[in-house]
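Each chain gets a letter, A, B and so on, in the order the sequences are listed, and its residues count up from 1.
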Protein chains: 2
Amino acid sequence: MSIAVVNKNAKRGSTVKPDQESTSPPGLSSVKVAPRDRIVTSACELFRQHGIRGIGVDAIAEAASTNKMTLYRHFGSKDDLVCETLRVTSEKSGAMWADIETRFSDNANAQLGAWVTALSDCLQRDQFGCDIANAAVELKEAGHPAHAVIETFKILQRKKLTDLCRRTGIEEPETLADTLLLLLEGARVSRQASGLEGPAQCFQRACRNTLTAFGVGTS
Amino acid sequence: MSIAVVNKNAKRGSTVKPDQESTSPPGLSSVKVAPRDRIVTSACELFRQHGIRGIGVDAIAEAASTNKMTLYRHFGSKDDLVCETLRVTSEKSGAMWADIETRFSDNANAQLGAWVTALSDCLQRDQFGCDIANAAVELKEAGHPAHAVIETFKILQRKKLTDLCRRTGIEEPETLADTLLLLLEGARVSRQASGLEGPAQCFQRACRNTLTAFGVGTS
DNA sequence: CATGGGTGTGACCGTTCGGTAACAAATGAC
DNA sequence: GTCATTTGTTACCGAACGGTCACACCCATG
């Protein structure tokens with residue numbers, strides 16, 4: 001699971017030290033994750049659960065089983081940490097794309113179908129939507145460093161989907177890609193506002209209808 | 001010490017008082033808006049521009065040309081004020097629906113077309129998306145009083161659009177309504193993350209395509 | 001003129017926030 | 001073992017936050 005989300009056990013005088021990992025068979029124990037990585041992992045999770053403005057650096061450090069000082073040695077500011085978590089999240093999205101491409105190599109239609117399925121599954125599982133879009137909603141200040149990361153990711157995501165749509169040979173790949181992106185973004189935010197029984201439940205069907213309307217058969 | 005966070009005009013000793021309204025021809029002056037209404041108006045605007053967590057009650061009171069004490073006499077807490085602004089925003093949405101119904105009475109297809117046009121125009125104008133959905137993204141704490149307001153609005157919005165779709169006589173009004181809602185929600189959040197040149201620019205076309213695919217002609 | 005309700009004012013409270021200083025402890029390479 | 005780098009710990013800072021207090025004020029109603 002996760003590393004103690006809200007460090008209840010704390011009580012600084014815990015005398016024994018090895019509380020790093022909950023399940024730690026002595027000897028080979030676990031992989032010994034570096035503090036920096038633990039911080040990023042915890043930050044990703046807590047930002048997602050509470051929002052960027054809804055969680056403090058103290059809580060993040062504690063969840064990462066470290067302290068604020070170490071956090072600030074690796075990240076000059078909370079904003080820096082925010083940017084790093086967004087970058088990591090972007091990379092995870094890249095991994096999904098790679099997986100789809102390897103599983104359905106050279107079949108654009110099947111890849112589009114797999115994209116819809118993957119995101120639909122993700123929608124069922126994750127109630128907090130797209131971290132990148134959520135960050136854009138939350139951080140409205142002009143010139144916030146996260147904006148560059150958000151823009152980079154969104155441009156890349158759009159380019160990937162447009163290219164994929166183009167490879168199906170249809171007439172308006174840009175329109176299809178943008179339509180699918182609107183449906184996805186809408187489903188993810190609608191799930192947060194109205195739950196799974198709201199309009200979000202229609203996401204997969206809406207995507208299939210759209211693909212059909214554009215002449216893309218996903219077999 | 002300094003109470004005023006963004007104390008722009010302030011200068012408490014402004015000697016002359018009538019700075020309530022900028023353009024105030026002496027005599028009949030303006031309509032004399034009550035403090036409570038000024039607070040709600042300012043709060044709506046500031047929450048929209050900076051996010052709910054991004055603005056403090058001091059700044060809201062100051063923008064409303066009043067003070068924190070008066071604010072707390074009308075609203076027991078910041079959360080109460082948040083709920084009230086969401087309610088007011090909901091009512092404005094209701095006004096748009098009423099306008100559409102009066103302009104195209106007894107013509108469901110035309111009303112659907114007008115709905116798309118109105119929201120598309122709104123999308124061009126307003127860069128901050130749907131305040132209600134943004135609040136849902138920002139306020140993730142379970143049991144937050146705003147959730148009830150959000151849910152009420154989203155259910156009503158969905159019901160109105162579904163009923164309108166049903167009145168066109170098509171087969172799957174629920175699916176059409178949900179698809180349009182996903183496109184709308186997606187366009188509004190995408191505009192915040194990727195700007196007007198992003199997928200949001202496709203909103204109107206995607207809606208028209210969807211309407212056509214469902215057999216709804218908006219003439 | 002008196003009175004009372006709504007309003008303005010500034011100080012204040014306790015908490016939390018992002019961020020830093022100083023020093024002790026652990027760790028790993030040589 | 002030595003030594004330098006990386007961590008952990010504790011205390012602290014200034015600022016901003018949500019929220020309250022006591023008191024002066026304005027103004028309409030009687």
Looking only at side-chain N and O atoms, does T70(A) come under 4.0 Å of OP1 or OP2 in dT6(D)? no

From C-beta outward on P35(B), which listed nucleotide comes closest to its side chain: dG10(C), dG18(C), dT7(C)? dT7(C)

By nearest-heavy-atom nucleotide on DNA chain C, the more 5' of A34(B) and G56(A) is A34(B)

Assess whether one donor atom and one acceptor atom, taken from the side chain of R73(A) and the base of dG8(D), lie less than 3.5 Å apart. yes

Between R125(B) and D121(B), is there a side-chain N and carboxylate O pair less than 4.0 Å apart? no

Quickly work out the Y72(B) OH to dC13(C) C1' distance and round it to whole Å. 13 Å

Between D126(B) and R191(B), does at least one N-O distance fall below 4.0 Å, as a salt bridge requires? no

NA contact type, I55(A), heavy-atom cut-off 4.0 Å: base, sugar-phosphate, or nothing? sugar-phosphate

Send over the distance from L139(A) CG to dG18(C) C1', rounded to a whole Å. 15 Å

What are the atom names and distances for every N/O pair under 3.5 Å that joins the protein to nucleotides 28-30 of chain C?
{"from": "dG28(C)", "atom 1": "OP1", "to": "K32(A)", "atom 2": "NZ", "distance (Å)": "3.4"}

Quick note, V57(B) side chain, CB onward, closest among dG18(D), dA22(D), dT9(D) is dG18(D)

Rounding to a whole Å, what distance do you find between N67(A):CG and dA22(C):P? 17 Å

Quick test of your reading of the model: are E174(B) and R166(B) salt-bridged, counting only N-O distances below 4.0 Å? yes

If you take atom types as modelled and just measure distance, does the side chain of K78(A) reach the base of dG19(C) with a donor-acceptor pair under 3.5 Å? no

Interatomic distance where CZ belongs to R53(B) and P belongs to dG18(C) [whole Å]: 12 Å

For R208(A), salt bridge (charged side-chain N to carboxylate O under 4.0 Å, His left out) partners two or more places apart: none

Can you check the L81(A) CG to dC17(C) P distance for me, whole Å? 15 Å

Grab the two heavy atoms, one from C202(B) and one from T179(A), that are nearest each other, plus how far apart they are. SG-OG1, 3.7 Å

Is the phosphate of dG8(D) approached by T66(A) (side-chain N or O, under 4.0 Å from OP1 or OP2)? yes

When the distance from CE of M69(A) to C1' of dC13(D) is rounded to whole Å, what number comes out? 13 Å

Less than 4.0 Å between a side-chain N and a carboxylate O, is that true for R36(A) and E84(A)? yes

Distance alone, cut at 3.5 Å: any donor-acceptor contact between the side chains of Q192(A) and N134(A)? yes

May I have the distance from I60(A) (atom CD1) to dC17(C) (atom P), rounded to whole angstrom? 10 Å

Would you tell me if any nitrogen or oxygen in the side chain of H74(A) comes within less than 4.0 Å of OP1 or OP2 on dT6(D)? no

Rounded to whole Å, the CZ-C1' distance (R36(A) to dT7(D)) equals 15 Å

